[in-house]
2 protein chains.
Amino acid sequence: MESVWTRPPRRPKAPGLDRAQIVREAMALLDAEGLDALSMRRLGGRLNAGATSLYWHVATKDELLELVLDEVYGEFRAHDSEHGGWREVMLGFAYAMRDSLIRHAWAIPLIGTRPAIGPQALRVMSRLTNTFDQAGFEGFDTEYATAVVLSYVLGAVAPEAAWKTMTVRGGGDAQAVRAAMRPLLAEAAAGHPDLLARFDSYEHEDPAVLRALSFDFGLGCVLDGLAARLDRQATGSRPSSARPAGKESPAS
Amino acid sequence: MESVWTRPPRRPKAPGLDRAQIVREAMALLDAEGLDALSMRRLGGRLNAGATSLYWHVATKDELLELVLDEVYGEFRAHDSEHGGWREVMLGFAYAMRDSLIRHAWAIPLIGTRPAIGPQALRVMSRLTNTFDQAGFEGFDTEYATAVVLSYVLGAVAPEAAWKTMTVRGGGDAQAVRAAMRPLLAEAAAGHPDLLARFDSYEHEDPAVLRALSFDFGLGCVLDGLAARLDRQATGSRPSSARPAGKESPAS
DNA sequence: ACCTGAACACCGTTCAAGT
DNA sequence: ACCTGAACACCGTTCAAGT
């Protein structure tokens, strides 16, 4: 027997998947359960769709990851200020990038693994290079300056995020993780008593504060180094290098 | 019918797996085919063993990855010099770390994702902190200094390795990758003509040289920033921060 | 144009069983 | 002590078929 009622209505559940919705749901899943938990099947399930339906909107899982990664780049400029000198802009950017990457720790293995050429990534690049351009950097130094800021923040946040992932897995208690790690480290650091002493000296410090201070210290180094190069350039000194000034040609 | 000849000899193939051998073979596979290509089954096959045999020596695939990662840390001190000031030591270290990470690009998503507490990682940490300690850094600044060097190198090498992976996949021709990327970038950078102009300005430069210069520039910034902090500390100035000197309390 | 299910060729890991 | 095979519960992706 046939009837309107036996035949299911045209589209019972979601009013059609689209790319934005898929990306949004993927991010939610990633934030909640991490990189390993994202599978096309699970994601499909969350969207009331077959796993394979996603392949209409997205060529491959890897492509989906590029999309969510670009979304993260979009957050990097969330709370940075437009005004102030280049140093203020970079400070604001660096902290925004740090916050975002800590919030989306799963993004860290993705960033740097695939090229940053999504629209949001390009916006970020454009903003930073223009800032350094206006600050007075010339030629390739403008890109190098951009690169060092991005590199530092990425590299600094990576261990922070790893630590966060571990504490979340371990039940959220930072002190417990510390306690669990201590004997492990004690054994491994048998030949390095200095390391153990240092580790113990953290005992009564708030780890979150230490990490923030460490980030700030490193960021300060980078920005000071950039300022020094800007000065030298303005006063027409020699081009800069990692070797200390005056030692470029080690008089043989 | 039974006989010595019908019964296979005690151990026909490998004289027994061991952890070192497994780790070595895993690294060979990773170097040759990348992170995605490493599976317990494939690795077992390469060792003339059942995939599940590996689980006697290694609790889990993740644990195996920790082992190979620590091996990479071991290479970081391959060609750095013992003598010279802290700056020379850090230069040598940074370049050794860069070389090693570019050679083992698969290690980049692993590093920072899991804690660096293997024996080789601890050796590296110990060496760097001791160097900064002797250089005159005090208290937590010693660890912060170590952290900024490690962070910078890691963050700087990540995109380099990504680029290398892409060119290897694309057949090894750097210029071809550039050519393939240009239209892609042209479309994406519609709203950012400055970016496209910059990209085109690389045209006649050797990408390897540009990357090396970029690395050197950033490393110089970091080391200069550290040197400045060391000076300030020696002369008893205020503790350092990412904010520029004299702007710590923005007089409201 | 968009979605589905079945199917293919893989995974990591467990475990009882062998030597 | 060390290794194996079968088995479980997953993967990403393809593709002919549906609406």
Side-chain angles (χ1 to χ4, degrees), chain A residues 2-26 29-30 33-69 106 109-110 113-114 169, chain B residues 2-26 29-30 33-69 106 109-110 113-114 169:
Chain A
E2 299 257 332
S3 136
V4 229
W5 310 113
T6 61
R7 187 176 50 75
R10 252 312 195 159
R11 196 150 291 147
K13 18 191 93 160
L17 258 15
D18 70 335
R19 204 176 244 216
Q21 192 190 358
I22 292 173
V23 168
R24 209 163 39 229
E25 195 64 35
L29 180 52
L30 286 165
E33 307 190 43
L35 196 54
D36 291 340
L38 178 70
S39 80
M40 299 302 266
R41 284 172 158 90
R42 291 239 288 143
L43 182 57
R46 267 174 165 250
L47 291 160
N48 296 324
T52 56
S53 311
L54 305 174
Y55 285 87
W56 178 263
H57 304 275
V58 145
T60 178
K61 186 187 178 183
D62 221 72
E63 192 171 277
L64 174 59
L65 289 176
E66 287 185 46
L67 291 171
V68 290
L69 181 58
W106 47 266
L110 301 183
T113 284
R114 46 216 84 204
R169 262 189 222 151
Chain B
E2 299 256 331
S3 135
V4 228
W5 310 112
T6 61
R7 187 176 50 74
R10 252 311 195 159
R11 197 150 287 147
K13 17 192 93 160
L17 258 17
D18 71 335
R19 204 177 245 216
Q21 191 189 2
I22 292 173
V23 168
R24 211 166 37 228
E25 195 65 35
L29 181 51
L30 287 164
E33 307 191 42
L35 195 54
D36 292 340
L38 178 71
S39 81
M40 299 304 266
R41 284 171 158 90
R42 292 239 289 143
L43 182 57
R46 267 172 164 252
L47 291 160
N48 297 322
T52 56
S53 311
L54 304 174
Y55 285 87
W56 177 262
H57 304 275
V58 145
T60 178
K61 184 186 179 183
D62 222 71
E63 193 171 276
L64 174 59
L65 289 176
E66 286 185 48
L67 291 172
V68 291
L69 181 57
W106 47 266
L110 301 182
T113 284
R114 45 216 85 203
R169 260 190 223 152

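Throughout, protein chains are lettered first and strands after them, A, B, ... in sequence-line order, and every chain is numbered starting at 1.
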Do the charged groups of Arg19(B) and Glu63(B) touch, with an N to O distance under 4.0 Å?
yes

Do the charged groups of Arg46(A) and Glu25(A) touch, with an N to O distance under 4.0 Å?
yes

Can you tell me the distance, in whole Å, between the [atom1] atom of [X] and the [atom2] atom of [N]?
| X | N | atom1 | atom2 | result |
| --- | --- | --- | --- | --- |
| Leu38(A) | dC11(D) | CG | P | 10 Å |
| Leu65(A) | dG12(D) | CG | C1' | 12 Å |
| Leu47(B) | dC3(D) | CG | P | 10 Å |
| Asp36(B) | dC11(D) | CG | C1' | 13 Å |
| Leu35(B) | dC11(C) | CG | P | 13 Å |
| Arg42(B) | dA9(C) | CZ | P | 16 Å |
| Asn48(A) | dT4(C) | CG | P | 9 Å |
| Glu33(A) | dC11(D) | CD | P | 11 Å |

For Leu38(A) and Trp106(A), what are the C-alpha separation, side-chain angles and deciding distance, and is it a side chain to side chain contact (heavy atoms under 4.5 Å, CB included)?
CA-CA 10 Å; Leu38(A) 178 70; Trp106(A) 47 266; over 6 Å; no

Taking the side chain as C-beta and beyond, is there a heavy-atom pair between Gln21(B) and Asp18(B) under 4.5 Å?
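Side chain of Gln21(B) against side chain of Asp18(B), heavy atoms only: contact under 4.5 Å found.
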
Distances under 3.5 Å between nitrogen or oxygen atoms of protein and nucleotides 13-16 of chain D:
from: dT13(D); atom 1: OP1; to: Thr60(A); atom 2: OG1; distance (Å): 2.5
from: dT13(D); atom 1: OP2; to: Tyr55(A); atom 2: OH; distance (Å): 2.8
from: dT13(D); atom 1: OP2; to: Thr60(A); atom 2: OG1; distance (Å): 3.3
from: dT13(D); atom 1: OP2; to: Lys61(A); atom 2: N; distance (Å): 2.8

Under a 3.5 Å cut-off for both distances, is dC11(D) Watson-Crick or wobble paired, and to whom?
none

Look through every strand shown and name the nucleotide pairing with dT19(C) as Watson-Crick or G-U wobble, where both distances are under 3.5 Å.
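dA1(D) - that is the nucleotide pairing with dT19(C), both distances being under 3.5 Å.
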
Starting at the 5' end of DNA chain C and moving along, which residue's nearest nucleotide shows up first, Gly50(A) or Ser39(B)?
Gly50(A)

Apply side chain to side chain contact (heavy atoms under 4.5 Å, CB included) to residues Leu47(A) and Leu54(A) and explain how you reach the verdict.
CA-CA 10 Å; Leu47(A) 291 160; Leu54(A) 305 174; 4.0 Å; yes

Measure the spacing between CD1 of Ile22(A) and CG of Leu67(A) and express it to the nearest 0.5 Å.
9.5 Å

Has the side chain of Ser53(B) got a donor or acceptor atom that lies under 3.5 Å from a matching backbone atom of Ala49(B)?
no

So which nucleotide from dT4(D), dC3(D), dC11(C) ends up closest to the side chain of Leu17(B)?
dC3(D)

Side-chain N or O of His57(A) versus OP1/OP2 of dA1(C): is the shortest distance under 4.0 Å?
no

Presence of Trp56(A) side-chain N/O under 4.0 Å of dC2(C) phosphate oxygens OP1/OP2:
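Answer is yes, contact under 4.0 Å.
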
Would you classify Ser53(A) as touching base, sugar-phosphate or nothing, given that sugar-phosphate means primed atoms plus P, OP1 and OP2, and contacts are heavy atoms under 4.0 Å?
base

